[in-house]
Engineer: 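Structure below; questions to follow.
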Amino acid sequence: MKRLFFLFLLVAFAHVLAHAQYDFLTAHRGVIKGGYDFWVYQPEDYYYSQEHTPVVIFLHGASLCGRDINRSRRYGPLDAIVRGREIPALVIVPQNPGGSWNPKKVLDVLEWTRQHYPCDSTRVYVLGMSLGGYGTMDFAGTYPDRVAAALAMCGGSTLRDVQPLGQVPLWIIHGTADRAVNVRESKKVVSALEAEHNDSRLRYDWWQGANHGAPARVFYLKKTYEWLFSHSLREEGRPLHRDITIDRSELKSAYTDMMKNAPKPEVIDGEEDEL
């Protein structure tokens with residue numbers, strides 16, 4: 001009997017550990033009239049860090065659009081946290097019900113969060129892929145004075161004028177074999193910034209032979225967040241930091257320092273991750 005009770009305690013404790021991250025994850029539905037529903041994740045030491053806590057905004061791709069907010073956790077930073085990645089930031093994940101990301105609605109989510117969760121407004125970062133890659137560049141280009149750094153993967157921009165993106169430390173990643181969003185979409189942004197000699201804060205990588213889903217594992221790398229966090233609006237001149245690199249070969253071991261036997265990510269926007 002004692003053995004069974006002890007076994008029960010072990011199973012219960014393991015369950016608590018496995019789901020501990022959820023204690024700090026809150027869904028906010030309908031709090032912004034006409035706006036996005038969204039998740040807010042609080043890091044474990046948030047009680048102590050409060051106004052010194054950076055903010056990460058993740059914009060998902062088209063496959064996660066809808067009205068079921070749980071879909072927005074299928075991949076990206078929240079999934080990385082569940083798998084064991086420590087992200088010492090408030091992580092905001094809006095859900096787009098459909099269509100292009102609206103920069104003003106993303107800003108509304110950020111402003112609501114700032115009012116209810118003390119944080120460091122000089123260290124706000126945005127990242128996304130596919131439709132979220134477009135949303136990342138559109139948001140950063142619309143509010144360059146609000147974004148400390150941005151990472152946009154396999155996307156592009158719908159902005160008529162992308163030049164404000166030159167004010168933001170921006171990293172663009174796109175696979176050359178992307179059949180969902182052609183790499184030309186990212187290259188248009190790069191060419192426009194380079195043509196105006198407005199690319200001092202820009203870096204980009206064209207991954208040869210990589211498909212649309214390949215960059216998804218970037219969300220799970222520790223390096224990704226280290227690079228974002230190295231930037232601040234307080235930094236004079238807002239320089240882009242190039243000391244951290246991400247090579248495509250590193251993606252194969254994206255989970256090794258988090259959890260053993262982590263499941264393979266789900267299909268991203270219709271194409272499987274070849275890695």
Side-chain angles (χ1 to χ4, degrees), residues 21-22 24-28 32 35-43 46 53-66 68-97 100-103 105-114 117 119-120 123-140 142-143 146-155 168-173 213 215-229 231 246 254 258 265-266 268-269 273:
Q21 296 91 341
Y22 293 104
F24 307 99
L25 182 61
T26 307
H28 297 282
I32 302 174
Y36 296 136
D37 293 338
F38 56 97
W39 294 97
V40 175
Y41 166 79
Q42 302 172 63
Y46 179 66
T53 309
V55 177
V56 171
I57 302 172
F58 168 64
L59 303 180
H60 62 69
S63 67
L64 304 191
C65 288
D68 178 3
I69 196 172
N70 288 298
R71 290 176 60 83
S72 61
R73 291 166 45 189
R74 279 179 51 196
Y75 67 85
L78 292 185
D79 185 50
I81 290 167
V82 169
R83 292 170 183 259
R85 171 66 62 226
E86 289 188 21
I87 302 179
L90 285 175
V91 180
I92 305 173
V93 180
Q95 185 181 33
N96 183 345
S100 299
W101 282 101
N102 183 315
K105 289 185 177 183
V106 176
L107 181 65
D108 289 343
V109 170
L110 173 61
E111 288 301 292
W112 189 96
T113 303
R114 287 183 60 234
Y117 296 84
C119 59
D120 186 349
R123 300 179 66 208
V124 174
Y125 312 97
V126 58
L127 74 168
M129 67 175 290
S130 191
L131 182 69
Y134 278 90
T136 294
M137 286 198 260
D138 287 355
F139 179 72
T142 303
Y143 305 105
R146 306 298 297 273
V147 178
L151 173 60
M153 299 186 292
C154 53
V168 181
L170 171 63
W171 192 349
I172 298 175
I173 297 174
R217 294 191 184 188
V218 171
F219 297 125
Y220 299 81
L221 291 172
K222 183 179 180 181
K223 279 185 174 183
T224 299
Y225 304 98
E226 290 176 341
W227 179 80
L228 289 171
F229 297 152
H231 300 86
I246 296 176
M258 296 190 296
E266 297 184 51
I268 305 299
D269 289 333
D273 182 350

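Atom set for the values below is all heavy atoms of this structure, side chains included, hydrogens, waters and symmetry mates excluded.
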Engineer: Kindly write out the residues that satisfy ring-ring contact (aromatic ring centres under 6.0 Å, His included) with His60, not counting sequence neighbours, or none if the list is empty.
Structural biologist: Trp101

Engineer: Mind checking side-chain hydrogen bond (donor to acceptor under 3.5 Å, both in side chains) for Trp227 and listing every partner two or more places apart, or none if nothing turns up?
Structural biologist: none

Engineer: Considering residues at least two apart in sequence or located in another chain, which fulfil the side-chain hydrogen bond (donor to acceptor under 3.5 Å, both in side chains) criterion with Tyr134?
Structural biologist: Glu185

Engineer: List in chain and number order the residues that pass ring-ring contact (aromatic ring centres under 6.0 Å, His included) with Tyr143, two or more places apart in sequence or in another chain; answer none if no residue qualifies.
Structural biologist: Phe139

Engineer: Asp37: what forms a salt bridge (Lys or Arg N to Asp or Glu O under 4.0 Å) with it, not counting sequence neighbours?
Structural biologist: none

Engineer: For Glu111, check side-chain contact (heavy atoms from CB on, under 4.5 Å) against everything at least two apart and list the hits.
Structural biologist: Leu107, Arg114, Arg146

Engineer: Which residues pass the ring-ring contact (aromatic ring centres under 6.0 Å, His included) test with Phe38, sequence neighbours left out?
Structural biologist: His28, Trp112

Engineer: State which residues pass salt bridge (Lys or Arg N to Asp or Glu O under 4.0 Å) with Arg85; sequence neighbours excluded, sorted by chain then number.
Structural biologist: Asp257

Engineer: Residues in side-chain hydrogen bond (donor to acceptor under 3.5 Å, both in side chains) with Thr53, at least two apart?
Structural biologist: Ser49

Engineer: Just jot down the ring-ring contact (aromatic ring centres under 6.0 Å, His included) partners of Tyr125, sequence neighbours excluded, or say none.
Structural biologist: Phe229

Engineer: Looking at residues at least two apart in the chain, or sitting in another chain, which of them share a side-chain contact (heavy atoms from CB on, under 4.5 Å) with Val93?
Structural biologist: Trp39, Phe58, Ser72, Leu78, Val91

Engineer: Taking side-chain hydrogen bond (donor to acceptor under 3.5 Å, both in side chains) as the definition, give me every residue that meets it alongside Asn96, ordered by chain and number, with sequence neighbours left out.
Structural biologist: none

